[in-house]
Amino acid sequence: MQPQANTSQTVVTRDPAQVMRLSRLGSFHQSRLSFMRILTRRMTRENWTFTRPVFEFDAKGVGHAVYCAHTPDRTYSLIAFGHDLPPEERSDRVIATAWDSTFTLFDGVPEAADIERLRQNIPLQEAGRVSERELSVSRANRSVRLWDHVVSRLAAGAQPDPGEVAKVGYLMRTTAVYGSGKLGAADREMIADRPECASPFQIEMLSVFLTRSYVRDLVQHMADLKGGAAAVPLDAGIARSLGIGNSTGLGMAPFLVNHPMLFNNWIAAREEAIAIVRSLPAATASEVATFREMLERSILSADLWYSEHPIQVEKLKRLRRDLSALETHLADADLAGPRPWDRLFVWAEGALGEDAQECLASLMLEPYGRLVDHLADKMSDKDRHAFRIDGTMRVADLRAVLERAYGWALDIDWSEKEQCARAWYVSQEKLEPRLGERFEEPIAPYEQPLAPGRDAAALYRALKDKDGNAPLAAFLLTHPEHRHCVRRAQIVARAPYAEIRDNTIGSDLMPIDMLRCKLSFFGATHFDPRSDRWVRICMFGNAPYPEELSDSQVDDWSYPPLLEGAK
Amino acid sequence: MNRSLNEIEAHAKRAARGAGLSWGMAEETGRAARWLASHDLAGPALLADVLEKNDGLAHAQVAPVSLDGDWYARAGDLCPLAVGATLNDCAERLAPGLSIKARNVSCPLLIVPFAAWAAIHLRQPVRVSYENVRIETDGDGLWIDDPHQAINAGKAETVIFQRASTRTDPAQRPAVRGNVSCKNWARLGAFSERTFAPATEASRRLGAGSGLSDND
């Protein structure tokens, strides 16, 4: 898609040159178009039902359970295996080989033979093998500090300390959720036509949603076994506040570069939603009230957001200050006047940092589900043939595309060390993406194609002396090394948000910016970078549990409730 | 062994890159292996043959010398992947009544997926003929006429590409899974191994950025 034409009635979508910078992408917030919220809205709307046909665990948490989600058309089952993990083996790193719990999302209802087959494979994760009946494979580790606290408190007849619960936010954290064909599982293409899979990552989100129920049930089960008659049920409000933690490392960062059309569709949907709201001529009192409430809850959320990482600490200070400035501005701002959201947003672009601007952009969508929620169906990549290169394109036309989409990269001297200090590679040990120092480690021969800016600049140089009227096919025949970049350029020519418009191999690259961008589309909150290249988050915190979905007609669980937060 | 098509594509892409193909060529090679495997054709096996045969050869040695006239390599045989990519790049040259001929091509079956993508672009089936084999495809669908079982030929002296008429008889449709023998998987794996950086102490320590404790 192209940015919308500017008319007096319409606000254009934001310029990709503004949106696609790493510092801004690394400041994104969840929104109505986040994949977790898309899923919970659908589950509520379609009255999904949930059952737990199997739950068999001993006092150490060893056993298995099956959680079924019944859609109007079919059933998905989370099969969870619990293990007794020695503390010294507990690690969230992808190089781990054992976990507290391991999971697969099964397509249908598993029979005993399926469970036996999966019992031999799922606990092994990458070392195991699954079939096309399995849609995802994942694992999770306990938060040792909170798990033991909750089990012992409940067993003794008391509730856990709310302060301890709030500090951690989850009882287990997933360390990988594999989907789409990995380890032999079903490819996304096999299920892409199902309505509940129309938006991206719905299977993975469903797996985590059901995992949250499992974790709540297991901690209760272990407390009951430990405390016997003295044990009490976990308070529903505390249970509700708990999400599933997630540790995300570098493996996720290249995803955004490796799926340019899909990435474009995520960003384009959100940008279109922002433009729709900014273009509204007026806001009703109830729309303004919804917005103001969500802002209050966002301010609370920012207060609850904890991180020790120096960069995140600074970002949080600025975000809190800016949200407070926004609140002050709103005390006098006239949202009853014409084009209220556009005026507010223009003010924010001048007065607030990127983090608060993106928070505001997401907040402005909240009152307008009826106008923007349908964009969720445009976020997948359905264009199977986008990878085909148009060899009839003229050299001059490609040059123009490069100048437009990669202009930021054409003036950089890519031979300077700091501009190309890093290289992405895949390690032999775990077949996972890593980031290394090009001039300090012997990794350059193994470099992955994750530096579109540098490659576009090289392509531009190579095209410099070529006949502008010549078709690309002849150029590509003698320059296969540019084939990858030509494909990307042709994609970005029609999908303007397909490329990160920043240096992805520079000495100052912060991979956590890429991680936060992706995780914000999942719907994650409270990003907690643990280094420059991995981040801890919480998923489905404050979300309804399966049995509570039918009572939650309002899709606002991503924002912490005001009353409980004020306690 | 039964595998997901994504696994086959990723493995073939890495193998092609490991064998020295450019990233762009490797991406299309992965797609081609996937396409052939989805039709239960010997894509991964033939890909291993070609990568072994051309290991270390530059693109310029195995690609058509020129787009004009018949396509041939500077010396030796044409690589079917280079021919396929080139065919797809200039699919418009398959004008009604005109054909493109390629001389001395290794494992010509590997070109068929590229012809399929050209067919989608042209909105008309494309025919690939060699050694008494006639294959037509409209993109997803496939019609194979192979009376002498020469489809997996290691080499064809002439491969002809042309537009074909729209067909109404049933086509062979792609499956959602593929089979690749362990032997052929390992042959491709030998190439994909070359794309992985050997682990060093520094990379273990820094590459994934351990930072703060991950276990709390």
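Basis for what follows: all heavy atoms, side chains included, without hydrogens, waters or symmetry-related copies. Letters A, B, ... are given to chains in the order of the sequence lines, protein chains preceding strands, and every chain is numbered from 1.
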Toward chain A, the part of B:A26 with a non-hydrogen atom under 4.5 Å: neither
Least distance between heavy atoms, B:F196 atom then A:S427 atom: CB-C, 4.2 Å
Check: A:G184 main-chain N/O paired with B:E7 side-chain donor or acceptor under 3.5 Å: yes
Contacting region of A:T478 [heavy-atom separation from chain B under 4.5 Å]: neither
Region of B:R177 in contact with chain A, defined by heavy-atom distances below 4.5 Å: side chain
Heavy-atom pair of closest approach, residues B:A197 and A:Y425: CB-CD1, 3.4 Å
Rounded distance [0.5 Å steps], CG in A:N258 versus CD in B:E27: 8.5 Å
A:E189, part contacting chain B, at a heavy-atom distance under 4.5 Å: side chain
From A:T392 atom OG1 to B:R93 atom CZ, the distance as rounded to the nearest 0.5 Å: 11.0 Å
CZ on A:F387 to CG on B:N88, rounded to 0.5 Å: 7.0 Å
Greater than 12 external heavy atoms within 6.0 Å of B:R123's CZ: no
Greatest number of heavy atom pairs closer than 4.5 Å to chain A - which of B:A82, B:S22, B:A118, B:G18: B:S22
For chain A, the option from B:N6, B:I8, B:L67 that forms the most heavy-atom pairs under 4.5 Å: B:N6
Top contributor to chain B interface from A:A186, A:G181, A:P445, A:C485 [non-hydrogen pairs under 4.5 Å]: A:G181
Close side-chain approach of B:E9 to A:D187, heavy-atom, < 4.5 Å: no
B:T195 portion near chain A, given a 4.5 angstrom heavy-atom threshold: backbone
Test log, rule side chain to side chain contact (heavy atoms under 4.5 Å, CB included), inputs B:D89 and A:R483: CA-CA 11 Å; B:D89 285 351; A:R483 202 170 174 82; 2.8 Å; yes
Atom CZ of B:R74 with >12 non-hydrogen neighbours under 6.0 angstrom: no
Contacting region of A:E440 [heavy-atom separation from chain B under 4.5 Å]: neither
Segment of A:R384 engaging chain B (4.5 angstrom heavy-atom cut-off): both
Region of B:A10 that comes under 4.5 Å of a non-hydrogen atom in chain A: neither
Which portion of B:R14 sits near chain A, non-hydrogen atoms under 4.5 angstrom: side chain
Atom CD of B:E157: over 12 foreign heavy atoms under 6.0 Å: no
Over all atoms of both residues, closest heavy-atom pair of B:P64 and A:L477: O-CD2, 3.5 Å
Top contributor to chain A contacts, counting heavy-atom pairs under 4.5 Å, from B:A91, B:A85, B:A63: B:A85
Interface moiety of B:I120 toward chain A, non-hydrogen atoms closer than 4.5 Å: side chain
Closest-packed option against chain B by number of heavy-atom pairs under 4.5 Å, given A:E481, A:R388, A:M190: A:R388
Atom CG of B:D40: over 12 foreign heavy atoms under 6.0 Å: no
Greatest number of heavy atom pairs closer than 4.5 Å to chain B - which of A:Q448, A:R188, A:M393, A:E447: A:Q448
Toward chain B, the part of A:L183 with a non-hydrogen atom under 4.5 Å: backbone
Side-chain heavy-atom pair A:S131, B:N2 within 4.5 angstrom cut-off: no
